[in-house]
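One structure below.
Because the structure is predicted, anything quoted here is derived from the model rather than measured. Below, chain A is the first sequence line, B the second, and so on; all start at residue 1.
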Amino acid sequence: MRIELVKRPERSALFAALSPFIALGLTLIAGAIMFSLLGKNPVEALYYYFIDPLREVWSLHELAVKAAPLILIAVGLSICYLSNNWNIGAEGQFIVGAIVGSILPVMFPDFQSWIVLPLMLLMGIVGGAAYGAIPAYLKVRFNTNEILTSLMLVYVAQLFLDWMVRGPWRNPAGMNFPETRTFSAAATLPEIWSASGRANWGFVFAIVAAIAMWFMLSRTLKGFEVLVLGQSPRAGRFAGFSQSRMVFFAFLVSGGLAGLAGISEVSGAIGQLRPTISPGYGFAAIIVAFLGRLNPLGIIAAGLVLALSYLGGEAAQISIGVSDKVVRAFQGMLLFFVLACDTLILYRIRFVGSSAAKTVEGTQNA
Amino acid sequence: MLEGILLTIATAATPLLIAAVGELVVERSGVLNLGVEGMMVMGAVTGFGVALATGSPWLGVLAAIIVGALFSLLFGFLTLTLVTNQVATGLALTLLGLGLAGMLGESFVGLPGVKMIYIYIPGLTDLPLVGKLFFGQDPLFYVSILLTAGVAYFLFKTRAGLTLRSVGDNHASAHALGIKVIGIRYMAVMFGGACAGLAGAYLSLVYTPQWNENMTAGRGWIALALVVFASWRPWRVLAGAYLFGAVSIGQLHAQALGIGVPSQLLSSLPYLATVVVLVLISRNRRLTMVNTPASLGRPFVPDR
């Protein structure tokens with residue numbers, strides 16, 4: 001028996017809508033099998049992963065805290081991937097955004113004014129965008145593969161942050177812990193509704209960014225340019241669109257959004273810089289982008305799903321003693337299933353026995 | 001002193017070489033597998049675990065090779081049979097590999113590993129200067145050199161190698177000639193997976209016989225860069241791997257000497273060097289155009 005793909009006459013709208021859900025379903029099944037192999041009750045484990053975190057209001061706030069960076073980054077990545085620019089260094093742009101955005105609260109802690117926070121956010125965006133501009137420049141100017149350069153810069157950014165918080169930016173009153181001074185109230189991103197939980201304005205930024213990008217992609221010429229250049233660079237050139245400018249546009253937007261996510265996370269959720277400020281948001285956001293089918297509105301939902309998996313990982317570790325390492329395996333499986341299910345949009349899958357295959361070929365040739 | 005440095009350079013270069021030579025074969029067949037890091041870390045955790053359980057590093061190596069090849073089949077099935085996007089699927093393989101390895105290896109953290117014994121040939125190994133370098137290294141070092149030679153011979157001196165390259169350069173023509181494009185690509189992908197698994201086992205059985213989930217530290221990605229750097233030629237991969245080995249060992253020695261530059265900045269040198277080298281190579285457009293497999297990364301669906 002073998003598998004044969006039959007091209008559909010046109011994209012299947014049904015499967016375009018269904019494929020993320022099929023992928024989620026398959027991931028849950030695979031997850032259940034995995035938990036059984038680990039010797040846990042799969043129903044109980046999945047309950048702690050995906051239901052329990054949704055039962056309390058404070059926990060929903062935590063969901064928003066985790067979803068905000070994922071959505072912000074993934075929305076930017078969707079512009080990249082749609083235009084065929086493979087930025088996989090969002091983790092680095094997130095970190096650099098956080099560092100540049102933290103210049104004011106770390107180096108000028110006495111500067112306290114309403115303007116501090118907007119400046120920090122702006123600097124975060126600029127920092128992330130500038131770091132994203134490096135692979136873009138190298139791609140445009142030297143034809144260098146942006147996948148590898150953007151990824152290498154993640155390691156550089158991580159090491160640089162590590163040095164900053166252990167070296168020049170270490171908290172002078174911090175007992176030698178590798179962390180910066182804690183941000184003042186003026187430099188802290190406020191909570192949306194502090195009476196009930198920790199969710200901060202980062203989540204609002206994420207939703208606004210997603211809606212803005214959705215509008216840009218579906219209603220403006222720039223969005224059309226993104227799609228055309230991504231699907232057919234040749235057609236794009238005939239239309240007078242510049243490939244090089246698109247590379248910069250995609251990397252600056254995604255770098256800027258990743259930088260905004262970085263400074264929002266540090267200012268809103270953490271309150272200082274530490275050697276590690278992200279549990280792999282920049283990479284998980286790649287999964288979010290694909291699970292959301294590169295559609296900014298879909299990405300909002302996908303970001304919440306991945307955020308839930310982080311929360312569920314913490315909950316399951318506490319309640320049934322499953323290691324939080326399981327989360328990343330889960331997320332990896334999810335991306336695999338998402339990509340596999342997307343095949344259903346363009347192709348019908350047919351299982352044919354080896355003898356039947358010949359007759360099928362015969363009828364098609366006739 | 002010099003001998004010691006050369007030996008450590010070889011140890012740093014060998015895993016890069018093995019993984020990159022494997023990926024070179026994959027890319028020569030027209031497939032871009034960005035999952036090297038994931039396959040490598042799976043190889044590392046498997047090699048460590050099996051060697052620990054059985055006491056035999058060789059069984060660990062064997063298991064790592066098998067797991068690497070099987071893990072790459074996952075990528076093969078998606079990209080070759082389901083024609084998914086190769087870049088995204090390769091990334092998925094890396095993310096899944098890092099996740100699974102972290103999970104599988106959690107109980108290994110902090111355990112002393114099994115170290116592979118170095119070759120010792122009485123007389124030859126004791127030769128001054130060259131003895132240890134040529135006759136006293138770990139067995140996998142010799143495997144890596146033989147692997148490079150074998151791949152170079154296979155690709156450019158055999159008919160099967162020519163077939164594989166033709167699939168990578170123009171899959172439509174190869175298909176028209178009756179060559180089984182997908183079958184060949186499956187085999188190439190599995191070879192790449194086996195090599196990445198072996199490279200991972202090298203890390204956890206020779207380089208640092210212990211397990212931690214970040215132990216590949218981007219080496220899979222550097223291996224991918226090496227293939228580009230080498231413009232898809234095996235012996236140039238070897239040169240590149242040793243160059244990178246020298247950079248990473250050089251920065252370690254600089255850290256040990258305490259030359260006043262922060263250790264984190266020195267540690268980022270291999271990654272920065274990768275970027276610089278990629279820029280230097282890719283700015284020469286003619287060179288890259290000539291050697292890049294023309295069908296690299298392009299999906300193939302046979303028309304009937």
Side-chain angles (χ1 to χ4, degrees), chain A residues 2-5 7 34 38 81 86 88 134-135 138-139 141-145 147-149 151-164 166-167 280 283-284 286-287 290 323 325-336 338-340 342-344 346-347 349 360-361 364-365, chain B residues 32 34 37-38 74-75 77-79 81-85 87-107 213 217-218 221-222 224-225 228 262-275 278-285 288 301-304:
Chain A
R2 66 199 177 91
I3 296 170
E4 213 167 69
L5 297 186
K7 189 141 188 142
M34 198 168 75
L38 289 171
Y81 299 163
W86 292 96
I88 58 172
I134 299 173
L138 297 179
K139 178 177 182 177
R141 178 76 176 77
F142 300 112
N143 197 27
T144 311
N145 183 320
I147 303 172
L148 296 170
T149 50
L151 187 95
M152 288 297 135
L153 291 173
V154 172
Y155 293 102
V156 176
Q158 285 172 339
L159 288 162
F160 184 71
L161 171 65
D162 194 75
W163 172 62
M164 289 297 275
R166 289 175 203 276
F283 297 109
I286 298 172
I287 305 172
F290 280 103
S323 152
K325 302 273 189 290
V326 175
V327 175
R328 283 169 73 203
F330 240 132
Q331 295 173 343
M333 282 195 302
L334 179 59
L335 181 54
F336 254 103
V338 168
L339 293 170
D342 277 0
T343 304
L344 293 169
L346 292 174
Y347 299 93
I349 291 185
V360 172
E361 276 171 29
Q364 280 197 341
N365 289 338
Chain B
L32 177 66
L34 293 181
E37 180 91 0
L74 215 54
F75 170 87
F77 177 70
L78 257 74
T79 55
T81 300
L82 298 181
V83 285
T84 58
N85 181 304
V87 175
T89 313
L91 276 174
L93 195 71
T94 288
L95 293 174
L96 180 62
L98 289 169
L100 278 179
M103 191 178 99
L104 295 171
E106 203 177 19
S107 57
E213 59 176 327
W221 294 101
I222 293 180
L224 276 158
V228 179
S263 67
Q264 293 94 337
L265 301 191
L266 287 171
S267 299
S268 65
L269 274 182
Y271 307 112
L272 286 171
T274 309
V275 173
L278 279 173
V279 168
L280 291 180
I281 286 293
S282 54
R283 65 186 297 188
N284 186 344
R285 274 170 208 251
T288 36
V301 184
D303 51 341
R304 278 170 289 274

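Side-chain contact between A:Leu159 and B:Leu265: absent, with no pair of heavy atoms (C-beta onward) separated by less than 4.5 Å. Within the 4.5 Å cutoff, the side chain of B:Leu278 has no heavy atoms near those of the A:Asn145 side chain. Within the 4.5 Å cutoff, the side chain of A:Leu148 has no heavy atoms near those of the B:Thr274 side chain. Side-chain contact between B:Glu213 and A:Lys325 is present, with at least one heavy-atom pair separated by less than 4.5 Å.
For B:Thr84 against A:Leu339, the heavy-atom pair with the smallest separation is CG2-O, 3.3 Å. B:Ser282 approaches A:Asn143 most closely through the heavy-atom pair CB-O, 3.5 Å. Residues B:Met103 and A:Ala329 share a closest heavy-atom pair of SD-CB, 4.0 Å.
Neither the backbone nor the side chain of A:Leu346 comes within less than 4.5 Å of any heavy atom in chain B. Proximity to chain A involves both the backbone and the side chain of B:Ile222, based on heavy atoms less than 4.5 angstrom apart. Contacts between B:Ala217 and chain A at a heavy-atom distance below 4.5 Å involve the backbone alone (N, CA, C, O). Interface remark: B:Leu78 contributes side-chain atoms only to the contact with chain A (heavy atom separation under 4.5 Å). Interface residue B:Val279: backbone and side-chain heavy atoms are both found under 4.5 Å from chain A. At a 4.5 Å heavy-atom cutoff, the contact between B:Leu34 and chain A is made by side-chain atoms alone. Neither the backbone nor the side chain of B:Ile281 comes within contact range of chain A, judged by heavy atoms closer than 4.5 Å.
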>> Let's go through B:Leu272 and A:Met152 carefully: what are the C-alpha distance in whole Å and the side-chain angles of both, what is the deciding distance for side chain to side chain contact (heavy atoms under 4.5 Å, CB included) to 0.1 Å, and is it a yes or a no?
In response: CA-CA 7 Å; B:Leu272 286 171; A:Met152 288 297 135; over 6 Å; no
> Taking it one step at a time, do A:Leu335 and B:Leu96 satisfy side chain to side chain contact (heavy atoms under 4.5 Å, CB included)?
Replying inline: CA-CA 8 Å; A:Leu335 181 54; B:Leu96 180 62; over 6 Å; no
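Top candidate by heavy-atom pairs under 4.5 Å with chain B, chosen from A:Ile134, A:Asp342, A:Ile88, is A:Ile88. In terms of heavy-atom pairs under 4.5 angstrom with chain B, the leader among A:Trp86, A:Phe290, A:Phe160, A:Tyr81 is A:Trp86. Among the candidates B:Asn85, B:Thr79, B:Val228, the residue making the largest number of heavy-atom pairs closer than 4.5 Å to chain A is B:Asn85.
Atom CG in A:Leu138 sits 11.0 Å away from atom CZ in B:Arg283 (nearest 0.5 Å). The structure places CZ of B:Phe75 at 8.5 Å from CZ of A:Phe336, a figure rounded to the nearest 0.5 Å. A distance of 9.5 Å separates CD1 in A:Ile287 from CG in B:Leu91, rounded to the nearest 0.5 Å. To the nearest 0.5 Å, the span separating CH2 on A:Trp163 from OG on B:Ser268 amounts to 10.5 Å.
Using modelled atom types, no side-chain atom of A:Tyr347 and backbone atom of B:Leu82 make a donor-acceptor pair closer than 3.5 Å.
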